[in-house]
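Presented below is the structure to which this report refers.
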Amino acid sequence: MEVNWLIILDFIPQLIKGAQVTIHITVVGLLGGVILGAIAGLMRAYGNALINAIAFVYIEVIRGTPIVVQVMFLYFALPVLASIRIDPMTTAILAIVINAGAYIAEIVRGAVLSISKGLTEAGLAIGLPRWKVIVHIVGPLAFRRLIPPLGNQFIVSLKDTSLFIVIGVGELTRTGQEIMAANFRAVEIWTAVAIMYLIMTGVLSLALRMIEKRMRIL
Amino acid sequence: MNDAIIQFRNVSKHFGPLKVLDEVDLDIHKGEVVVLVGPSGSGKSTLLRCINGLEQITGGDLIVNGMSVLGGNKVMREIRQEAGMVFQQFNLFPQMTALQNVAFGPQQVRGLSRSDARELAKELLAKVGLAEKANHEPSELSGGQQQRVAIARALAIKPKVMLFDEPTSALDPELKQEVLNVMRALAGEGMTMVVVTHEMGFAKQVGTRLIFMEHGKIAVDGTPRDVIDNPPNDRMKDFLQHV
């Protein structure tokens, strides 16, 4: 079969639909992942032994297992274990929340701990309660250091959505697979799919670089 | 009733098995300028940091302005508002200007309005000779200037006692004096001060009392001139030859 790039044009609407699903999973999943990660990271940084241990186990279990296994567990094992059945889309979003949350927790912990202990002491020494020290002093400083590694994780999570092909979510990779199965145009379709991922990660990188520039990293 | 503003009652501090403070008894009265000296590891910084609860005592009791450091978080915050602290590494908040650093405490802790806090901050920056640096960030200031801002920040919460933890140790010799001058002026106003330092000239000139610590205990306690000119024991004599 001859390579015919023009054929891509016929499938662009379908691929865009797939990309929209990818974006949907990524955005909602990362929103949840950032919240979960911030909570788990702060538990690690400031919690007592028990709270710290809970967050530690969560992070280690998730970081220590492949995301495909996590998705399979959520989709196929959870119904058996707890009679909880969730649809593929919800499973995909949940998987990103839980998976990204664990990595973001470590990013948050690292950023918080990188802020000199002396600044916390200076805040406490003027009589501030600890939460005010975290909100007004450590938080803003840690946030700036958070941006570069957080951007990295956003890109990784976006690409991880391609794994949801295993539970049949109609995201970009799955869409490409379906088109390919019908017409066997492997070169054209996978090139198109790759380019669409590059566009999405490229836009994300650009946005993050702009945020970084606007925010002086101290 | 004891009128001391700081009362150490049999205070011990352990870091794990290591005993850093060993049953210390000490009264510090209003208006005293107490200079704490001693070899590294003798417990002088720890003693200072116990006063405002940056280290928790593990034995005995410690009363500051009538409140025990064992009284819980709320009491501890009240104690900290009565005991301003100046650190060796300045520890200014890098995301804030000099003025914001000073205004932050009164606004957040003492409940001053934004404009009142800024007024107070301007006054205090002028007092430490940095009125014209109000809108500079810490990274734009020299070490001596940063430390003077830090002193203004500590004064802004209107403390009854000022604690200094080696305030000039991180400074070049020519910058030490500007900080020591501010401290000297403060002592002249009758501020109660506890100062960990190696500056024997300052101790002699400004200190009203000198405490030499060794192995977590107070080894010598006297007037600076007496004990510096005639060290009562060999360890202190030896120490003084090395500072």
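Please read these numbers as outputs of a predicted model, since none were measured by experiment. Each chain gets a letter, A, B and so on, in the order the sequences are listed, and its residues count up from 1.
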Between the CG atom in Leu124(A) and the CE atom in Met85(B), the distance rounded to the nearest 0.5 Å is 11.5 Å
Distance in Å, Leu128(A) CG paired with Arg80(B) CZ, rounded so as to fall on 0.5 Å steps: 10.0 Å
For a ring pair (Phe, Tyr, Trp, His ring centres under 6.0 Å) check, start with the C-alpha distance between His136(A) and Phe104(B), then their side-chain angles and the critical distance, and finish with the verdict. CA-CA 10 Å; His136(A) 293 291; Phe104(B) 189 67; 5.6 Å; yes
Of the backbone (N, CA, C, O) and the side chain (C-beta and beyond), which part of [X] lies under 4.5 Å from a heavy atom of chain A, both, or neither?
| X | answer |
| --- | --- |
| Ala156(B) | neither |
| Arg49(B) | side chain |
| Gln108(B) | both |
| Phe93(B) | both |
| Leu92(B) | backbone |

Would one find more than 12 heavy atoms of other residues, nucleotides or ligands at under 6.0 Å from atom [atom1] of [X]?
| X | atom1 | answer |
| --- | --- | --- |
| Asp87(A) | CG | yes |
| Phe143(A) | CZ | no |
| Lys19(B) | NZ | yes |
| Arg85(A) | CZ | no |
| Gln56(B) | CD | no |

Shortest non-hydrogen contact from Gly127(A) to Arg77(B)? O-CD, 3.3 Å
Minimum heavy-atom distance Ala122(A)-Arg153(B), with the two atoms named: CB-NH2, 3.4 Å
Asn91(B) side chain to Gly118(A) backbone, donor-acceptor under 3.5 Å: yes
Who wins among Pro129(A), Ser116(A), Pro140(A) for the most heavy-atom pairs under 4.5 Å with chain B? Pro129(A)
Looking at side-chain heavy atoms only, is the closest gap between Pro94(B) and Leu141(A) below 4.5 Å? yes
